[in-house]
Amino acid sequence: MKYDGTKLKRARMAKGYRQTQVAAATGVLQPTISEVESGKCQDPPTFKKLADFYGIALNELIEDEQPA
């Protein structure tokens with residue numbers, strides 16, 4: 001299972017938040033938020049925490065991984 005961090009980035013930007021603001025509100029470190037948004041971090045608990053903060057269902061962040 002792979003999560004799509006770009007959806008979290010779009011949600012953050014749509015709300016006008018900076019990563020530092022989200023970090024302060026969620027307890028997720030700002031560098032981790034950056035890694036999640038860029039796809040470098042695939043930690044399910046972190047995705048859940050951020051998804052809850054933005055009001056996004058976790059299943060909306062799951063990318064389809066179809067074989068080539």
Can you tell me how far CD of E60 sits from CG of L8, rounded to the nearest 0.5 angstrom? 10.5 Å
Would you be so kind as to tabulate the donor-acceptor pairs closer than 3.5 Å made by side chains of residues 18-25, with sequence neighbours excluded?
{"from": "Q19", "atom 1": "OE1", "to": "Q30", "atom 2": "NE2", "distance (Å)": "2.5"}
{"from": "Q19", "atom 1": "NE2", "to": "E37", "atom 2": "OE1", "distance (Å)": "2.9"}
{"from": "Q21", "atom 1": "OE1", "to": "R18", "atom 2": "N", "distance (Å)": "2.7"}

Would you say T32's side chain and V28's backbone share a donor-acceptor pair under 3.5 angstrom? no
So, taking the atom named OH in Y17 and the one named OG1 in T26, what distance separates them when rounded to the nearest 0.5 Å? 11.0 Å
Euclidean distance, Y54 OH relative to K15 NZ, rounded to 0.5 Å: 9.0 Å
Quick test of your reading: applying salt bridge (Lys or Arg N to Asp or Glu O under 4.0 Å), list the pairs with at least one residue in residues 42-54, sequence neighbours left out, ordered by first then second residue. K48-D52
If the condition is ring pair (Phe, Tyr, Trp, His ring centres under 6.0 Å), which residues does Y3 pass it with, not counting sequence neighbours? F47
Would you say I56 ends up clustered with M13 if hydrophobic residues are merged whenever their side chains have heavy atoms under 4.5 Å apart, either directly or through other cluster members? no
Once you round to the nearest 0.5 Å, how far does CG of L29 lie from SG of C41? 10.5 Å
Looking at NZ of K9 and CD1 of I33, how far apart are the two atoms once the value is rounded to the nearest 0.5 Å? 12.5 Å
Quick one: does any side-chain atom of K2 pair with a main-chain N or O of I62 as donor and acceptor, under 3.5 Å? no
